[in-house]
Amino acid sequence: MTGPKSGLIALPALAVMLFVLGGASPPAKLLRNLKLTSVSVDVPQDFEQLFPEGPDVESVNTNCRACHSPSMVMVQPRLSKAVWEKEVAKMITTYHAPIPEGEVPKIVNYLSSIKN
Amino acid sequence: MIRHDAKSDSRLSRRKLLAGGAIGAAGITALPAFAKSLVARPPVANSVVDLGLPNRPSQRALTSEFPGKREMILQRIRPPLLETPLSAFNQGVITPNDRFYVRWHWNEIPGQIDAATFRLKLHGHVEREIELSLDQILHGFERIEYTAVNQCSGNSRGLFVPPVPGAQWGHGAMGNARWTGVRLRDVLARAGLKPGAVDVRFAGLDEALLPDAPKFRKSLAAEHAMDGEVLIAFAMNGVQLPLLNGFPLRLVVPGWYSTYWVKMLSDIEVLPRKDDNYWMTKAYLVPKAPFGNVAPGVDDYPKEPISRMVPRSLVTNLAEGQRVAAGRPLAVSGIALGGDCGVAKVEISTDHGATWRMAKLGEDAGKYSFRRFDLAVPVPAAGTLPVTCRCTNTAGVSQPLAMNWNPGGYMRAGVETVTVIAGGGA
């Protein structure tokens with residue numbers, strides 16, 4: 001927090017100084033010395049992360065890992081089969097997950113077996 | 001396991017995943033069990049927190065592996081969901097950038113952004129389409145700044161009872177920062193709204209995985225966009241924004257939930273009609289009722305896009321189940337927000353809301369900021385002590401005593417209680 005904090009303290013002080021020295025002149029431009037620097041970072045990924053063992057685990061491993069970590073699924077509260085069916089349908093219709101229709105019952109079978 | 005993939009590797013992995021299981025069943029048993037991804041790697045071993053989430057997995061790893069971030073609660077690696085530990089809220093009114101929570105919807109987030117070639121584009125129902133460089137934004141407009149709370153619509157969803165699907169956050173999907181930037185109004189004026197402008201739509205550099213899937217976009221009504229308060233921020237707490245919080249530009253919509261605070265803002269489109277995109281009309285809807293409250297099981301009620309925040313308060317210096325000295329005053333302190341206006345008062349109850357005592361408010365950093373509160377409360381000789389705090393905002397709206405609920409898990413704002421134990425060593 002030292003960086004941001006010192007910046008914050010310095011500016012009002014500077015503004016007050018200029019104000020006092022210059023009479024009615026406007027306060028110094030906020031963060032006048034700020035320069036934006038290009039950024040290059042690696043954001044952690046977990047594409048190799050699989051679902052824990054369970055019935056039809058291959059089906060969720062194949063169809064439910066492209067857009068988000070398996071943890072998106074595994075930290076959910078225990079949900080009824082009907083709610084899981086709705087979730088899978090949502091992934092397909094709204095987010096365009098390319099899931100063959102025949103896989104849906106297997107996926108729901110796995111999801112309903114999660115003991116949260 | 002968290003891995004730092006090179007960008008090209010990530011693309012390849014995604015393609016494989018979409019192609020349907022190029023990573024075959026053969027590899028499955030050889031790879032680490034899922035549980036290991038929630039528990040962090042050796043440098044931060046043993047650091048697991050329990051968020052106290054009822055009826056669902058409650059433990060999360062702490063991680064320091066994300067760029068620009070110190071220790072954060074790992075909610076999801078991909079796309080990143082990182083929660084601010086409650087301890088960060090106990091250290092002052094500002095949330096440091098390296099503890100500020102992170103929330104993305106799609107994983108196509110650029111890791112490289114060139115400040116020299118970045119452009120913000122304004123187009124649609126405007127007099128002239130324009131593209132602005134960062135230099136033009138920093139030096140071509142009057143700068144303003146203020147302190148404001150940024151809170152995820154689904155903050156505290158992990159505490160919803162009955163539970164609802166979605167990110168299972170504790171209370172740390174929020175933060176308070178000093179935002180510096182230029183008025184959205186001034187930037188829009190440069191392009192010139194044509195008569196009949198209805199909505200202004202914002203999008204960032206992040207992309208949906210598939211081209212026809214809904215890219216994340218949010219809109220404000222044209223009058224709101226032109227109110228002179230909404231900011232295009234280029235600095236957060238005095239320095240450029242961390243990439244994961246939206247470098248180089250982020251929309252700041254004070255008093256409104258974070259879903260509107262579009263990160264890596266690169267595209268502003270003026271519309272001559274209401275925006276009908278998925279993220280405005282299907283996602284982030286709340287019941288049209290005070291505090292977005294509806295009874296569980298009730299299905300047909302009018303809905304509206306989530307908008308203004310409501311008052312909240314949290315005790316930040318006490319942990320659930322903590323032992324405290326018996327028979328001596330206990331210092332209670334925490335943070336409050338008014339929502340879409342300032343904090344008028346915070347009261348504390350230690351008897352489940354039967355009686356309330358007024359807490360002392362800390363420095364006023366502006367109506368959109370967190371405000372600290374403090375109070376010493378008497379502690380009995382033995383037994384448990386429920387400590388409840390309640391904020392009332394300057395519009396006279398108080399946090400409800402009964403917890404609000406809705407199926408989206410949005411707008412949690414009822415009073416929160418932390419229960420401590422008197423005696424037995426403090």
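Below, all heavy atoms of this structure are taken into account, side chains as well, without hydrogens, waters or symmetry copies. Residue numbers begin at 1 in each chain, while the letters A, B, ... track the order of the sequences.
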Could you check which of B:P163, B:P165, B:P248, B:A167 has the highest count of heavy-atom pairs closer than 4.5 Å to chain A? B:P165
Which one wins on heavy-atom pair count under 4.5 Å against chain B: A:V83, A:T94, A:L79? A:T94
Using a cut-off of under 4.5 Å for heavy-atom pairs, which of B:P242, B:A235, B:A177, B:A213 has the most such pairs with chain A? B:A213
For chain A, the option from B:A116, B:G166, B:P80 that forms the most heavy-atom pairs under 4.5 Å: B:G166
Between B:E83 and B:R60, does any side-chain N to carboxylate O distance fall below 4.0 Å? no
Do any N or O atoms from the side chain of B:K263 and from the backbone of B:F247 form a donor-acceptor pair under 3.5 angstrom? no
Is chain A contacted by the side chain of B:F234, its backbone, both, or neither, given a heavy-atom distance below 4.5 Å? both
Chain B contact via A:L36 - which portion, at a heavy-atom distance below 4.5 Å: both
Using a 3.5 Å distance criterion without hydrogens, assess whether the side chain of B:R56 forms a donor-acceptor pair with backbone atoms of B:G158. yes
Is B:L53 in contact with chain A via its backbone, its side chain, both, or neither, using a 4.5 Å heavy-atom distance? neither
Test your reading of the model: is there a side-chain donor-acceptor pair from A:E101 to the backbone of A:I99, 3.5 Å cut-off? no
Go through the atoms of B:N55 and report whether side chain, backbone, both or neither lie under 4.5 Å from a heavy atom of chain A. backbone
Check each atom of B:L134 against the heavy atoms of chain A and say whether the ones under 4.5 Å are side chain, backbone, both or neither. side chain
In terms of heavy-atom pairs under 4.5 Å, which option from B:A283, B:S58, B:P79 contacts chain A the most? B:P79
Under 4.5 Å from any heavy atom of chain B, what part of A:K90 do you find: side chain, backbone, both or neither? side chain
With only heavy atoms counted, which part of B:H105 is less than 4.5 Å from chain A, the side chain, the backbone, both or neither? neither
Can you tell me if B:Q91 uses its side chain to pair, donor with acceptor, with the backbone of B:A88 under 3.5 Å? no
Measure from the side-chain N and O atoms of B:W104 to the backbone N and O of B:D206, and report whether any donor-acceptor pair falls under 3.5 Å. no
Are B:R143 and A:L31 side-chain neighbours, meaning at least one heavy-atom pair lies under 4.5 Å? yes
Answer with yes or no after comparing the ring centroid distance for B:Y278 and A:Y95 against a 6.0 Å cut-off, counting only values under it. yes
